[in-house]
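The sequence lines fix the lettering, A, B, ..., with proteins before strands; numbering per chain opens at 1.
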Number of protein chains: 2
Amino acid sequence: MTVANRSPKRENLLQAARSLLHRQGLRATTLADVAVESGVPLGNMYYYFKTKESLAAAVIESRLGEMEESLTAAGQSSDPRARLENYLQAMLPLADQLARYGCPYGCLAQELVRMGGAIGRKGASLLEKQRDWLTAQFAAMGAGRRQAGELGLELQASMHGAIVLGLGLGDPEVIRVRLKALMTWIDGLDVREVGLAR
Amino acid sequence: MTVANRSPKRENLLQAARSLLHRQGLRATTLADVAVESGVPLGNMYYYFKTKESLAAAVIESRLGEMEESLTAAGQSSDPRARLENYLQAMLPLADQLARYGCPYGCLAQELVRMGGAIGRKGASLLEKQRDWLTAQFAAMGAGRRQAGELGLELQASMHGAIVLGLGLGDPEVIRVRLKALMTWIDGLDVREVGLAR
DNA sequence: GTCTATAAGATGATAGAC
DNA sequence: GTCTATCATCTTATAGAC
């Protein structure tokens with residue numbers, strides 16, 4: 001929070017970058033794109049973000065905050081099963097966007113991690129935050145530490161896999177079908193029984 | 001097959017491009033990269049591939065052929081359940097590569113489809129081919145048309161989700177755990193029973 | 001068919017006037 | 001703080017000698 005971290009122009013740049021990075025990806029988005037979309041002249045951007053990477057880092061921070069909010073919103077229910085279903089339910093109306101542009105967390109994380117370096121690790125933190133929350137819900141349902149981890153991973157993989165296919169096949173219905181199936185799965189899941197089966 | 005489609009230099013270029021597109025992605029790979037990796041001088045590449053896009057198209061064709069081969073190899077068993085397990089089993093030793101560079105089909109398809117245009121549709125064909133084969137195996141297990149499609153989608157989404165997480169979290173163990181769980185799932189799956197539950 | 005040199009354009013970043 | 005002009009570099013693609 002050193003310099004101009006709250007100016008409206010900085011906010012315009014960040015919002016434009018968020019949108020463009022989701023729609024086009026980091027590599028495909030030029031600073032000229034961000035300048036046009038935000039209405040801030042190219043040369044002026046550098047006052048707020050000294051490099052493209054620092055702009056990307058700000059987008060990651062913003063996405064982390066956004067995910068935090070969505071997890072908190074889904075976490076309002078007292079029943080962990082309902083919390084998971086809240087989370088999936090909230091994704092349902094986003095299916096068209098997700099099939100068009102991919103997951104704003106997953107795609108970004110993949111792109112960042114493939115670039116390597118410090119920024120790559122920041123990308124992983126997006127997925128870790130989500131995984132930890134999902135795992136915590138299964139733990140609250142009575143699953144043991146190990147089983148909760150496996151169920152959390154299973155659900156997260158199913159969610160991201162659905163979005164990859166929705167994007168890759170160009171069909172949002174794929175995402176909707178899978179999300180509904182996952183809600184049904186959670187609804188009928190007995191963690192103790194699954195645990196004994198292993 | 002008009003010009004020099006079988007020359008060793010063309011083959012070198014194609015192999016280098018295959019590898020680089022998997023490791024770095026299409027956008028991040030320059031023709032200079034391909035030139036260095038293949039040992040073919042930059043200016044000479046254009047005799048074999050007139051544009052970067054035509055080189056990418058050749059890589060897609062090559063990946064389609066590779067997938068065809070792996071599906072055929074897994075399809076040697078007479079039991080459809082065994083065929084699915086063969087396919088997953090063959091992925092298991094690739095977990096480290098998949099966690100490092102992502103799925104050579106899924107990542108490519110995602111990148112292509114996000115670029116739009118004719119080449120985007122070619123990316124989708126990679127995933128369609130895989131989905132159709134998976135679905136066919138469930139159909140051969142006795143599932144109805146609709147249920148086979150849903151199971152095929154579920155398995156495909158689970159596979160690709162596992163790879164996305166393995167890559168994003170930088171942990172190949174994630175992929176191994178999920179693949180083994182999927183094999184167990186297939187092993188215990190009764191398609192008629194699942195069908196009745198809906 | 002092969003390869004060097006280079007054109008043409010895009011892109012991240014900076015200089016410096018205001 | 002803002003913004004135009006521009007630099008330096010990278011990247012795709014071509015020209016043309018061999």
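Between K9(B) and Y46(A), the residue whose closest nucleotide on DNA chain C is further toward the 5' end is K9(B).
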ask   = Taking it one step at a time, do S19(B) and R23(B) satisfy side-chain hydrogen bond (donor to acceptor under 3.5 Å, both in side chains)?
value = CA-CA 6 Å; S19(B) 174; R23(B) 284 181 285 157; 2.9 Å; yes
task = Would you check, one step at a time, whether the test side chain to side chain contact (heavy atoms under 4.5 Å, CB included) holds for L55(B) with M45(B)?
result = CA-CA 9 Å; L55(B) 177 57; M45(B) 293 179 54; 4.3 Å; yes
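Computed from coordinates, the Y48(B) OH to dG1(C) P distance equals 6 Å when rounded to whole Å. Rounding to whole angstrom units, NZ of residue K52(B) and P of dG9(C) are separated by 19 Å. If you take CG of L13(B) and P of dT2(C), they are 10 Å apart, rounded to a whole angstrom. In this structure, the CG atom of N44(A) is 17 Å from the P atom of dA17(C), given to the nearest Å. If you take NZ of K50(B) and P of dT12(D), they are 17 Å apart, rounded to a whole angstrom. Taking atom CE on M45(A) and atom P on dT4(D), their separation rounds to 14 Å, with Å as the unit. Taking atom CZ of F49(B) as the reference point, atom C1' of dA13(D) lies 16 Å away to the nearest angstrom. In this structure, CZ of R27(A) is placed 12 Å from C1' of dT11(D), rounded to the nearest angstrom.
Grouping Ile, Leu, Val, Met, Phe, Trp and Tyr residues whose side-chain heavy atoms lie under 4.5 Å apart, directly or via other members, leaves Y101(B) alone, with no other cluster members.
Hydrophobic clustering of Ile, Leu, Val, Met, Phe, Trp and Tyr side chains at less than 4.5 Å, counting indirect connections, keeps V164(B) apart from M91(B).
Across all their heavy atoms, A124(B) and G168(A) have their closest contact at CB-O, 3.2 Å. Between H22(A) and R114(B), the shortest heavy-atom contact is O-NH2, 2.6 Å.
No donor-acceptor contact under 3.5 angstrom links the side chains of S77(A) and R83(A), judged on distance only.
A side-chain hydrogen bond (donor to acceptor under 3.5 Å, both in side chains) with Y105(B) holds for exactly one of E66(B), Q130(B), H160(B); it is E66(B).
Within a heavy-atom distance below 4.0 Å of DNA chain C, no residue of residues 17-24 of chain A is found. Residues of residues 28-43 of chain A that place a heavy atom closer than 4.0 Å to DNA chain C, in numerical order, are T29(A), T30(A), L31(A), L42(A), G43(A).
Candidate nucleotides dC3(C), dT2(D), dT12(D) were compared by shortest atom distance to the side chain of Y47(A), and dT2(D) ranks first.
In this structure, SG in C103(A) is found 8.5 Å from CG in L126(A), a value given to the nearest 0.5 Å.
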